[in-house]
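Right, one structure below, let's go through it.
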Amino acid sequence: MNQISMKKILLTFFIVISLLNSIYSQSSQPNDNKNQEIDNAYTIAKDVLYGTDKQQVMDVYIANHQIKNNNYTIVFLHGGGWYISDKSDVQRYIQPYLDKGFNVINLNYRLMKGIATASEDLTYALNFLQANNSTYPCDVTKVILSGFSSGGHIASLV
């Protein structure tokens, strides 16, 4: 198989996965009552810039209560093969963490810049959270890195 047809296959694969992800996320959005519960249980900051690139943003959900002084922070990274997708596509994946009362960081990383750059973004985000702990009070010594597909790969690298 030549290199051009392999690229076409990979591009087609990512487009199909993206479309399926979009369809699934539209059909499984939390209802308004669930959104209201989250709004009441969390202090939420959307699209917090943690770097200089416009793609380096995160949504920060800080629980308004602490779970027995052991409130872990889940840092979640979306999938998409390092080329597509966004943190807005993963609400169904972070929902169980929110339901349990954990702090959640829903992280975007720079797309189409390579695995090393995306992995670097996770480190930047963790450093940002530590440096801005008074604004986003989460215990960065109790972090669980999570994600799926390329997001899981980035988490495992860091």
Side-chain angles (χ1 to χ4, degrees), residues 10-64 67 71-130 132 135-140 142-158:
L10 285 173
L11 181 59
T12 303
F13 171 77
F14 287 124
I15 290 170
V16 168
I17 294 298
S18 178
L19 289 172
L20 289 173
N21 189 31
S22 174
I23 291 166
Y24 182 79
S25 66
Q26 289 172 6
S27 65
S28 63
Q29 290 297 321
N31 62 32
D32 289 338
N33 290 340
K34 185 60 93 174
N35 288 338
Q36 188 61 42
E37 289 175 22
I38 291 170
D39 289 346
N40 292 336
Y42 284 88
T43 301
I44 303 169
K46 296 278 190 170
D47 296 323
V48 175
L49 191 64
Y50 66 87
T52 57
D53 190 286
K54 65 180 180 177
Q55 291 182 359
Q56 293 174 301
V57 295
M58 60 183 150
D59 295 341
V60 180
Y61 298 79
I62 302 296
N64 291 332
I67 305 172
N71 204 14
Y72 287 88
T73 299
I74 310 297
V75 178
F76 192 88
L77 296 100
H78 64 82
W82 305 279
Y83 287 90
I84 59 173
S85 198
D86 183 83
K87 64 183 172 53
S88 63
D89 295 335
V90 297
Q91 186 65 32
R92 68 183 174 279
Y93 294 110
I94 67 170
Q95 190 63 50
Y97 301 126
L98 296 172
D99 290 343
K100 297 282 186 196
F102 293 114
N103 297 320
V104 175
I105 310 301
N106 190 8
L107 188 68
N108 266 1
Y109 50 88
R110 289 175 284 176
L111 300 173
M112 296 184 277
K113 305 241 190 242
I115 297 169
T117 299
S119 300
E120 191 175 67
D121 282 352
L122 176 53
T123 302
Y124 288 151
L126 293 170
N127 289 336
F128 174 87
L129 289 169
Q130 185 172 17
N132 295 279
T135 305
Y136 309 106
C138 57
D139 188 349
V140 292
K142 296 179 179 178
V143 171
I144 298 170
L145 304 178
S146 181
F148 70 93
S149 190
S150 56
H153 183 236
I154 294 166
S156 70
L157 289 173
V158 174

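None of the values given here were measured: they were computed from a predicted structure. Any value given below was found using the heavy atoms of this structure, including those in side chains, with hydrogens, waters and symmetry copies removed.
With contacts defined as side-chain heavy-atom distances shorter than 4.5 Å, the pair Ile105/Phe76 does not qualify. Annotation: side chain of Tyr109 is in contact with side chain of Leu77 (closest heavy-atom distance under 4.5 Å). Between Asp139 and Gln130, the closest side-chain pair of non-hydrogen atoms is not below 4.5 Å. Contact check for Val48 versus Phe128: side-chain heavy atoms found under the 4.5 Å cut-off. Proximity of Tyr97 to Tyr72: side-chain heavy atoms (C-beta onward) are nowhere separated by under 4.5 Å. With a 4.5 Å cut-off on side-chain heavy atoms, Ile115 and His153 count as touching. The side-chain heavy atoms of Ile154 and Trp82, taken from C-beta on, include a pair separated by under 4.5 Å. Taking the side chain as every heavy atom from C-beta outward, Val140 and Leu126 never approach each other to under 4.5 Å.
Results of the salt bridge (charged side-chain N to carboxylate O under 4.0 Å, His left out) test with Arg110 over Asp53, Asp121, Asp86 single out Asp121 as the only residue that passes.
The residues Asp47 and Lys87 are annotated as salt-bridged, a charged nitrogen and a carboxylate oxygen being separated by less than 4.0 angstrom. Between Asp59 and Lys46 there is a salt bridge, with a side-chain nitrogen of the basic residue lying less than 4.0 Å from a carboxylate oxygen of the acidic one.
With sequence neighbours left out, Lys113 forms a salt bridge (charged side-chain N to carboxylate O under 4.0 Å, His left out) with no residue at all.
One distance of note links CG of Asn127 with OH of Tyr50; it measures 11.5 Å at 0.5 Å rounding. The structure places CG of Asn103 at 11.0 Å from NZ of Lys142, a figure rounded to the nearest 0.5 Å. Put simply, OG on Ser119 and CG on Leu157 are 4.5 Å apart, with the number rounded to the nearest 0.5 Å.
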side-chain contact (heavy atoms from CB on, under 4.5 Å) assessment of Gln56 paired with Tyr124 | CA-CA 9 Å; Gln56 293 174 301; Tyr124 288 151; 3.6 Å; yes

Using the side-chain contact (heavy atoms from CB on, under 4.5 Å) rule, take Thr73 and Val104 through it: C-alpha gap first, then chi angles, then the decisive distance, then the call.
-> CA-CA 6 Å; Thr73 299; Val104 175; over 6 Å; no

Applying side-chain contact (heavy atoms from CB on, under 4.5 Å), run through Ile84 and Leu111 and close with a yes or a no.
-> CA-CA 7 Å; Ile84 59 173; Leu111 300 173; 5.7 Å; no

Step by step, work out the side-chain contact (heavy atoms from CB on, under 4.5 Å) result for Val60 and Ile44.
-> CA-CA 6 Å; Val60 180; Ile44 303 169; over 6 Å; no

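Outside the 6.0 Å centre-distance limit, the rings of Tyr93 and His78 are not counted as a close aromatic pair.
Taking the six-membered ring where tryptophan is involved, the planes of Tyr42 and Tyr61 are perpendicular, since the angle between them exceeds 60° and thus also 30°.
With hydrogens and angles left out, the side-chain atoms of Asn108 and Gln55 include no donor and acceptor closer than 3.5 Å. A donor and an acceptor atom, one from each side chain of Asn64 and Thr43, are located under 3.5 Å apart.
Nearest heavy-atom pair across Ala155 and Ser146 is CB-N, 4.1 Å. Pairing each heavy atom of Ile62 with each of Cys138, the nearest pair is CD1-CB, 3.9 Å. Taking each heavy atom of Ser149 and Gly81 in turn, the nearest pair found is OG-N, 4.5 Å. Contact between Asn71 and Gly101 at its shortest, heavy atoms only, is OD1-O, 3.2 Å.
Looking only at distances, no side-chain donor or acceptor of Asp89 sits under 3.5 Å from a matching main-chain atom of Ser85.
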